Amino acid sequence: MLTFGHFSAATLWLFLALPTLAVPKAAPSLPTPDAPIPSDTLTWEERAEEAWVEGEHEEAEAWYHRILEREPESRVALLRLALLRGWRDDFDGSLEYFDRLLELEPGDSEAAALRARVLAWDGELEQALEALGWVLEDDPGTSLALEVQAQVLFWAGEAEASVSAYDRLLAAEPGGVGAFRRSRAQALLSAGRLDEARRDLEATLEEASDDVETRVTLGRLLTMGGALDEAIFHFREALQHDDSFTEAWSGLARALTWTGALEEGENAWRRAVALAPHDPLNHAGLVQNLRWQGRNHTALEEAEAAPGHLRTESPELREQIQWAEAMTAPRTRVRAVHEWDSDGHRARGVTASGVLPLAPRLELSWALESRRMRLGVLQDSRYGLNLAVTRHFEPGWRTELRAGGSTAPEQAGGARPELGAAFASPGRSPVTVDVELRYAPFDVTAALLQRDVRILESNGNLQWMPWPGWSASATGGWAEVEGTVPNRRWRVGGGVDRGGDLGLAAGITAHALGFRESPDDGYFAPSRLLQMEVPVRWRGGRGEWNLRLEGAPGLQQIQGAEWEGAARGAAAVTYTWGPGREMTFSGVGSSSGLDRVGVGDAEYRFGAVTLDLRWSF
């Protein structure tokens, strides 16, 4: 389940901001034209207003400049030019026009309120609120001043005060309920009043089910609240009314991506990028989706296709680019594990590994491993080196070849080879498959290691996502074991998983494991081990910290005996201090049988702690 913890606070603010709260952009400034004046019946004022209404801002500005040359005190020309300057971020120029107008008409409340909005666009939030003071003192019900005040309070992080201002605004302007309720809902959400925000928006939709902007706002609110399935419904409904509404496509893309429907999410992000190529959040969302598919090289290529100024100016896009770069750069990992069980087995291991890019989508991996095991007076160690070449193919296929070796017990003599191959289908697809073939030492216990037991195993996994948030899986494998007696192991399993709200996920799984023989090689080989579990997982975080918890009560049956209760629990805390740089401490405890070896009785207990450090250069 993908949660809000994957996004920064800045992403939340920009994600929620509606077009009505954004600073409009206009064309660059033009000098006053020198062209001759047309000699038809339209006046200059009519031509200027016509261009203004049609959105032809360059032409409108030219005509308003002419009008000011003829009438330096024209209120309409001063007001329009002030707004045009503000829309293209020329805040100083905008304020100059507003000041000229207010000097001529000091009581112009509309101009004063709009001037305060420009101050807010310039980041001067306190000055903007002060500038609104005299307007609201003279007339507390002035709609425009209340609207600007509510917006500025929201931008200033004063959510409750913003809600109060919107309440006064709604009382003064009942005709503007749709637009103002959308903005009020954002303030309610920022104030932690999610249920109220939802009720307000749903009430608006009951009055006007074709209100696309309100439906998209509700979808965004539900997304941030974790109700992803409902959010997807509302985004799709909005697109039924208007399939060119960019915010609906980006909202749908985000919700689909967070549910794990990566292919659908990618398609929606690409549609959003096509409709609004200058919106950095659309590019950031697409890059993140591709990263979660494991297609980091493709993510970088998509980022490089974004307009250059977005890559440098947008913190959200920059962050996604940094993560993609971290996953394609040289990187290392150190992992230390300590394991123990109720049979007296102890094992400690340290693995240092790394990845070196050889070419785009071609990587060389290495791993150095040290493992020491003990059972009473019986103890032994193993040291190994493995190399792997991994090739990535679009759209997300992966193949890998591994080779290496490890030390053998003194009595065995020589080194033991380790070989392997793996294949995985694209992770974005509703159906994914991965298979592995591996020949290596069977070193789960000290007895297995000392007796030089080896294993040739093949494993396969199939996962199907029929709907967003739902997944079904099936696993299977066989193994030929080389020990004092040739042996064969089989295992099958499967399960269904459902991601829920607030980072929760739950499912049900079943596994079966068996060996053909039961030799005295240091592992228990039951003819049948059956397990059933109901895993429940939660994931959440704040800032650089992330916490994962899992509990899995269940049942197991060992070699035809009675069914017994069993349980497994795990916890992990991760600290991330930069893209590709994180440290995780985790622990697991279980009374369930080991799925590689098997257990001797229902009283078996297993535990492990792990410290994992990852670093990208």
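Count residues from 1 along the sequence. All values reported here derive from a predicted model rather than from experimental measurement.
- Both cation-pi conditions hold for R66 and W63: the charged atom is under 6.0 angstrom from the six-membered ring centre and inside a 45 degree cone around its axis.
- For the pair T432 (side chain) and S429 (backbone), a donor-acceptor distance under 3.5 Å is absent.
- For the residue pair E263 / N267, no side-chain donor-acceptor distance below 3.5 Å is found, with atom types taken as modelled.
- Not a single donor-acceptor pair under 3.5 Å links the side chain of T257 to the backbone N or O of L262.
- Under the side chain to side chain contact (heavy atoms under 4.5 Å, CB included) criterion, W397 pairs with F393, P395, F423, S425, P426, not counting sequence neighbours.
- For the pair E59 and R47, the salt-bridge criterion is not met [side-chain N within less than 4.0 Å of a carboxylate O].
- In terms of the side chain to side chain contact (heavy atoms under 4.5 Å, CB included) criterion, residue partners of L102 (sequence neighbours excluded) are, by chain and number, D108, A111, A112, R115.
- In this pair, W467 and W464 present their aromatic rings tilted. The plane angle is within the 30 to 60° band.
- With sequence neighbours excluded, the residues forming a side chain to side chain contact (heavy atoms under 4.5 Å, CB included) with W615 are T332, W577, R581, F617, listed by chain and number.
- Smallest separation of non-hydrogen atoms from I321 and A303: CG1-CB, 3.5 Å.
- Salt-bridge check for E58 with R88: failed, with every basic side-chain N at 4.0 Å or more from each acidic carboxylate O.
- Within the model, atoms CD of E61 and CG of L84 stand 5.5 Å from one another, a figure rounded to the nearest 0.5 Å.
- The side-chain hydrogen bond (donor to acceptor under 3.5 Å, both in side chains) check on E206 picks up nothing, with sequence neighbours excluded.
- R270 is linked by a side chain to side chain contact (heavy atoms under 4.5 Å, CB included) to E266, L286, L290, E302, counting only residues two or more places apart in sequence or in another chain.
- The closest donor-acceptor contact from the side chain of T217 to the backbone of E213 lies under 3.5 Å.
- Atom-to-atom distance recorded for E363:CD and H392:NE2 is 4.0 Å, nearest 0.5 angstrom.
- Remark: E264 pairs with R236 by the side-chain hydrogen bond (donor to acceptor under 3.5 Å, both in side chains) rule, at least two apart or across chains.
- With rounding to the nearest 0.5 angstrom, the CD atom of Q151 is 9.0 Å from the CG atom of L169.
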